[in-house]
Asks: 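What follows is a structure written as structure tokens; I'll ask about it next.
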2 protein chains.
Amino acid sequence: KRVVQGGNAIGGAISDDGSLVAVSNYEPGGVRVFDAATLEQVADIPAVGAEGRASKTVGLVDLPGRRFIYALYDAGEIWMADFSRAGAPSISKLQGIGKLPYDANVTPDGRHYLAGLFGEDGVVHVDLWREPLAARRILDGYGRGEEKLPVYKMPHLEGWASAGDVMLIPAVGRHELIAVDRRSFKEVGRVATHGQPVFAVARPDGRHVWVNYAHPRNDTIEVVDTTTLAIVHRMRPGPAVLHMEFTPRGHEIWVSVRDANRVDVYDTASFAKKAELAVTHPSGIFFTARANRIGQ
Amino acid sequence: KRVVQGGNAIGGAISDDGSLVAVSNYEPGGVRVFDAATLEQVADIPAVGAEGRASKTVGLVDLPGRRFIYALYDAGEIWMADFSRAGAPSISKLQGIGKLPYDANVTPDGRHYLAGLFGEDGVVHVDLWREPLAARRILDGYGRGEEKLPVYKMPHLEGWASAGDVMLIPAVGRHELIAVDRRSFKEVGRVATHGQPVFAVARPDGRHVWVNYAHPRNDTIEVVDTTTLAIVHRMRPGPAVLHMEFTPRGHEIWVSVRDANRVDVYDTASFAKKAELAVTHPSGIFFTARANRIGQ
């Protein structure tokens with residue numbers, strides 16, 4: 001069965017009980033939710049913010065208890081949709097969180113939701129275990145006083161969450177990662193990188209974070225040790241490294257090298273290449289173990 | 001194919017790359033490691049400690065990088081076996097760690113190994129990301145000055161690791177859980193419980209810990225909120241609640257009620273019973289999602 005749910009979908013998530021599929025849209029905006037078994041539409045939630053503007057939705061993830069959370073790009077809001085009871089979902093809204101949240105993610109425990117802001121230097125943090133929900137600004141003005149670089153590719157906020165005692169967050173338009181303490185959400189350091197980070201993905205144990213970069217520096221990967229914030233390895237798989245995916249317990253990483261028409265498999269302990277797969281223009285790589293994780 | 005590997009095996013683990021199966025033994029003691037595909041024996045590692053005593057092995061778990069770690073009950077040692085290179089494993093030994101480590105576990109990131117001591121009040125902690133490896137005593141003398149209760153059932157150290165900012169560790173022979181800060185490993189509180197805890201299992205998001213108890217109080221389960229350390233729910237499923245297993249993202253918990261010949265399924269948000277399965281004398285319940293986790 002095939003259902004056309006919108007014009008330009010950018011993200012999806014499945015509820016913790018496997019019963020609901022949520023999709024976030026650029027066009028026409030908003031979030032639609034479907035029954036995972038029948039693909040019948042369960043809810044259509046427009047994303048019209050406090051100022052009356054319809055909005056693209058980004059950073060959609062699932063939370064425990066048949067809930068989803070996402071950000072409204074144009075409106076600068078964060079909404080949580082709760083499907084834990086029968087009938088229409090209950091929607092909680094955090095408004096005025098900052099300008100142009102471009103992506104967001106939740107820590108693997110489903111507790112901390114963070115959204116990066118494209119309209120200003122800063123990140124928004126919501127502790128989902130605190131009632132009432134509140135949005136808190138962190139890393140305010142992280143690039144203050146420095147000249148802005150052109151942004152070649154919006155960074156993603158994926159996989160950073162579980163990296164030892166810190167998270168490593170790509171700074172927009174900068175050649176650096178910002179290290180944030182996982183408990184205080186204060187900046188504790190920076191990592192100078194080869195280019196503008198796109199993905200900074202934690203190995204499942206959180207000891208290392210692997211980073212790829214925006215065009216024109218997208219042939220390179222760097223590996224950061226989360227205890228020392230040192231770059232412990234640098235490699236150049238080939239032109240247009242787009243995505244990296246770890247095996248569930250992290251002994252391998254699979255890397256798409258689009259313009260070489262290859263997926264490479266590396267041993268994450270020795271950094272040796274174990275295999276090459278011929279694939280035409282590979283992009284995202286997603287293993288099924290994601291089905292067992294919160295916020296995917 | 002069936003291989004008899006020892007007389008009384010108590011635990012097993014599979015290496016992060018899926019290639020090795022390790023089994024710990026009470027009788028004859030030690031650890032044996034097998035090829036996961038052929039079941040050929042790869043290594044037989046006797047557990048003779050510094051004092052020349054052969055030892056039962058307990059608390060065997062896998063670590064990233066084709067490694068296993070376990071404790072020697074009689075010898076009071078912790079050993080790590082590293083199979084990352086071809087040939088015989090390299091064994092690291094921590095000696096004199098304390099009397100009678102009865103069980104142990106690793107945090108889900110594979111970083112912190114903790115072993116409970118039956119021979120003294122205390123717990124041993126090893127930070128596996130620090131070189132050289134060192135064993136550190138925590139919670140020393142947690143029951144000091146109080147009369148010891150008879151121990152009806154040795155507690156297990158399972159699932160406690162990921163509970164918000166704390167771990168909840170069952171105290172041996174006591175009606176309480178000790179809350180330990182996940183970063184400092186200092187005691188930050190205690191929870192008075194219905195009985196002697198056997199399992200204190202964190203829901204996958206770490207917000208709640210579910211606890212069952214030793215005979216004669218083993219008809220009851222309590223649920224602890226890890227942010228407040230309050231007991232938020234108490235239920236009495238029936239006689240001899242032996243084991244609890246969460247679905248991968250935690251929306252259900254499956255509970256074995258041995259002497260009622262039942263497995264119960266509960267909704268973890270509402271605590272409502274969703275299903276009963278008729279099973280003769282059920283004990284351990286293990287879902288396959290464990291294959292994708294470190295330290296299982």
Side-chain angles (χ1 to χ4, degrees), chain A residues 13-19 62-67 82-85 106-112 127-131 162-165 181-184 202-208 225-228 246-252 267-270 274 287-296, chain B residues 13-19 62-67 82-85 106-112 127-131 162-165 181-184 202-208 225-228 246-252 267-270 274 287-296:
Chain A
I14 297 177
S15 62
D16 60 346
D17 64 350
S19 71
D62 57 275
L63 300 176
R66 287 166 64 92
R67 295 177 303 162
D82 182 340
F83 288 82
S84 64
R85 294 186 188 146
V106 70
T107 50
D109 57 5
R111 175 170 184 176
H112 299 288
D127 182 345
L128 300 165
W129 290 10
R130 288 253 167 92
E131 290 285 346
S162 194
D165 292 335
D181 183 278
R182 286 180 71 189
R183 200 171 288 184
S184 68
R203 201 173 65 183
D205 67 341
R207 178 70 189 268
H208 286 167
D225 184 311
T226 57
T227 61
T228 62
F246 287 98
T247 50
R249 289 192 279 166
H251 76 297
E252 290 175 355
D267 180 303
T268 58
S270 67
K274 294 175 73 172
F287 293 155
T288 53
R290 287 175 175 250
N292 294 327
R293 294 189 201 131
I294 293 165
Q296 298 277 330
Chain B
I14 297 178
S15 62
D16 60 346
D17 64 351
S19 72
D62 59 275
L63 300 177
R66 287 166 64 93
R67 294 176 305 162
D82 182 339
F83 288 82
S84 64
R85 292 183 193 151
V106 71
T107 50
D109 57 6
R111 174 170 184 176
H112 300 288
D127 181 344
L128 299 164
W129 290 10
R130 287 252 169 92
E131 291 284 346
S162 194
D165 292 335
D181 182 279
R182 285 179 72 189
R183 201 171 286 185
S184 68
R203 199 173 66 184
D205 67 342
R207 177 69 189 268
H208 286 167
D225 184 311
T226 58
T227 60
T228 61
F246 288 96
T247 50
R249 290 192 279 167
H251 76 298
E252 290 175 355
D267 180 305
T268 57
S270 67
K274 295 175 73 173
F287 293 154
T288 53
R290 286 175 176 251
N292 294 327
R293 294 189 202 132
I294 293 165
Q296 297 278 330

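Lettering follows sequence order; numbering is per chain, from 1.
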Asks: Please rank A:Arg293, A:Arg183, A:Arg111, A:Glu252 by heavy-atom pairs under 4.5 Å with chain B and give me the top one.
Replies: A:Arg183
Asks: Please identify, among B:Asp267, B:Ile14, B:Leu63, the residue contributing the most non-hydrogen atom pairs under 4.5 Å to chain A.
Replies: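 When all of B:Asp267, B:Ile14, B:Leu63 are compared, B:Ile14 has the most.
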Asks: Check this for me, if you would: do B:Asp205 and B:Arg207 make a salt bridge, where the nitrogen-to-carboxylate-oxygen distance has to be below 4.0 angstrom?
Replies: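 Answer for the salt bridge query: no.
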Asks: Under a 4.5 Å heavy-atom cut-off, does chain B meet the side chain of A:Ser15, its backbone, both or neither?
Replies: backbone
Asks: With B:Asp62, which residues qualify under salt bridge (charged side-chain N to carboxylate O under 4.0 Å, His left out), at least two apart?
Replies: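 Salt bridge (charged side-chain N to carboxylate O under 4.0 Å, His left out) check on B:Asp62 returns A:Arg249.
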Asks: List for me each residue that meets salt bridge (charged side-chain N to carboxylate O under 4.0 Å, His left out) alongside A:Arg66, sequence neighbours excluded, and say none if there are none.
Replies: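 Listed in chain order: A:Asp17.
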Asks: With a 4.5 angstrom heavy-atom cut-off, could you sort out which part of B:Thr247 is near chain A: side chain, backbone, both or neither?
Replies: neither
Asks: Is it true that, when you exclude A:Arg130 itself, more than 12 heavy atoms of the residues, nucleotides or ligands shown sit nearer than 6.0 Å to its CZ?
Replies: no
Asks: Let me know if B:Thr268 has heavy atoms under 4.5 Å from chain A in its side chain, its backbone, both or neither.
Replies: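 Answer is neither: B:Thr268 stays 4.5 Å or more from chain A.
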Asks: Please look at B:Ala269 and chain A and tell me whether the side chain, the backbone, both or neither of the residue comes under 4.5 angstrom of a heavy atom of that chain.
Replies: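 It is neither, since no heavy atom gets under 4.5 Å.
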Asks: On a heavy-atom basis, which atom in B:Phe246 and which in B:Phe287 lie closest, and how many Å separate them?
Replies: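 Looking at all heavy atoms of both residues, the closest pair is O-CD1, 3.4 Å.
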